[in-house]
> 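Following this message is one structure expressed as structure tokens.
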Amino acid sequence: MGAIMVVILIQAPHIGPIRSADHMAQIPVAAVTIIAALAAARARRRMKAVLLLGVSGYGIALIYALHGAPDLALTQVMVETVTLVVFILVLRRLPAYFSNRPLRASRYFRGAVAAFSGLVVAILGLLATSARTQAPVSENFPAEALSFGYGHNIVNVTLVDIRAWDTFGEISVLLVAATGVASLLFLRSRTGIVDRSRNVRSADTSAVWDTQALDRANALHEANRRAAARRAAEAKERGQYLRQPGRGRTWLDGAITLSPRRRSVIFEVGSRLVFSTMIMLSLYLLFAGHNQPGGGFAGGLMAGTALIVRYLAGGRYELGEALPFHAGHVLGFGLALAALAGLLPLAFGGTILQTTVFDFTLPIWGPVHLASALLFDCGVYVLVVGLVLDILRSLGAEIDRHAEMEGSDDGEGDESTTALISDDASRAEEIPAEEDPDFQSPQREEANR
């Protein structure tokens, strides 16, 4: 490598002027990114290394944003978020610390090789840009993106029109890789019943669920619902009003299958509230990506992040409630949709993957300008959602199932916890309507009005 570097430096053209930064804010961001990367290389705890890598990745996304590349910044943030979650899901089954460090001399040698390799790549990048003698083809991209792809977002049009063949090949490789990784982890068929909350666990479920505390919590939940209904009926017979704002409500159906110590009511309520907003934002990124920052890849990652939130809040059964489809079917449908978008222009005299535009008028909406590249982007969107779903099913839900089979988690709940929950359940039905905090007498109801 050193000899090749010497030859390149001797015969290479003169390196032109180098800008230290396009924006002064990039300098401290780059410094934090470099420090985080170095700290991650020296970290002994796996979780610490992953979090430091996440800081480095988000720093790169911020550099993209400061450089004026919102599409790259948005995609980098989404990819870094999903990657961080994947790392954490895998780390659940790995030791907290890395193996013993190598000898001091070996460690310094490895560091020197890594630094030299990075320096070589940086110099080659500078030489490659300085060796250009003709105008880059990217100068014509703005005009070509509008005339051939019918869109103003150069990045998105490049992916779905100018480089559509490359994109189709990349999503095909993505599907194969996701299928291969998931197949290594699944010990059962991937085409069985999707795990949903209505698939009640068996009586011999392992202790990972904290069985006793879970049974007591379910009893408390049902007792509260019965008590609320009874007090409402009694108040109605007396001509009084008892409001029930969510009494006994389950925010996430799958969360009831979790042990009480694993649940967070704040997280469950928050995930339920933001899930629809995140899905709507992902659809906006999908449909606006042809002319604004976004696209099918960024939108699919946003929808996948919404699924991640539901899984983290409610467990593997909640993942089945959020999207009750097999990941393989979603991946295949996304690839088929992209292939259909590529073949659609043939029916209108075009070539494969050539963007075809449709102009028509809707009665209430008005004139509509629709490009066939949107259908290709929808295929990318669905495939990315299927990819994230496959990751969560294999590295998340399937590992959870393995832990249940092994019973290698918390064990049964302690007697004080189960006794306290049982006592709450027995007292729930003994509270009279007048002592209920939601009780509304006619005088209080009139005052509220």
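Heavy-atom basis, side chains included; hydrogens, waters and symmetry copies ignored.
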> Please collect all side chain to side chain donor-acceptor pair (under 3.5 Å) contacts where either partner lies in residues 56-65, sequence neighbours excluded, each pair once.
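Of all non-adjacent pairs touching residues 56-65, those that pass side chain to side chain donor-acceptor pair (under 3.5 Å) are Y58-T81.
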> Determine the minimum heavy-atom distance between R393 and A327, stating which atoms define it.
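Between these two residues, the closest heavy atoms are NH1-N, 4.0 Å.
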> Quick one: are L319 and L389 in side-chain contact, heavy atoms under 4.5 Å?
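The answer is yes, as the side chains (C-beta and beyond) meet within the 4.5 Å cut-off.
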> If you define the side chain from C-beta out and look only at heavy atoms, does anything of L392 sit under 4.5 Å from L89?
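Counting from C-beta outward, L392 and L89 do come under 4.5 Å.
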> Is the shortest side-chain heavy-atom distance between L323 and R310 below 4.5 Å?
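When only atoms from C-beta onward are counted, R310 and L323 do not touch, as no gap falls below 4.5 Å.
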> If I compare all heavy atoms of A61 with all of V77, which pair ends up nearest, and what's the gap?
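Distance-wise, the nearest heavy atoms are CB-CG2, 3.6 Å.
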> Side chains of S172 and L335: closer than 4.5 Å at any heavy-atom pair?
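S172 vs L335: side chains touch.
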> Rounded to the nearest 0.5 Å, what separates atom CG in L301 from atom CD in E80?
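So the CG of L301 and the CD of E80 are separated by 11.5 Å.
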> Would you call F360 and L370 a side-chain contact if the rule is heavy atoms closer than 4.5 Å?
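Of all side-chain heavy-atom pairs linking L370 with F360, at least one is under 4.5 Å.
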> Would you call the rings of F168 and F376 parallel, tilted or perpendicular, where under 30° means parallel and over 60° means perpendicular?
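Tilted.
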> Are any of the side-chain heavy atoms of F325 and F333 separated by less than 4.5 Å?
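No; the side chains remain at least 4.5 Å from each other.
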> I'd like to know if E170 and R163 make a salt bridge, using a cut-off of under 4.0 Å between side-chain N and carboxylate O.
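Salt bridge present between E170 and R163.
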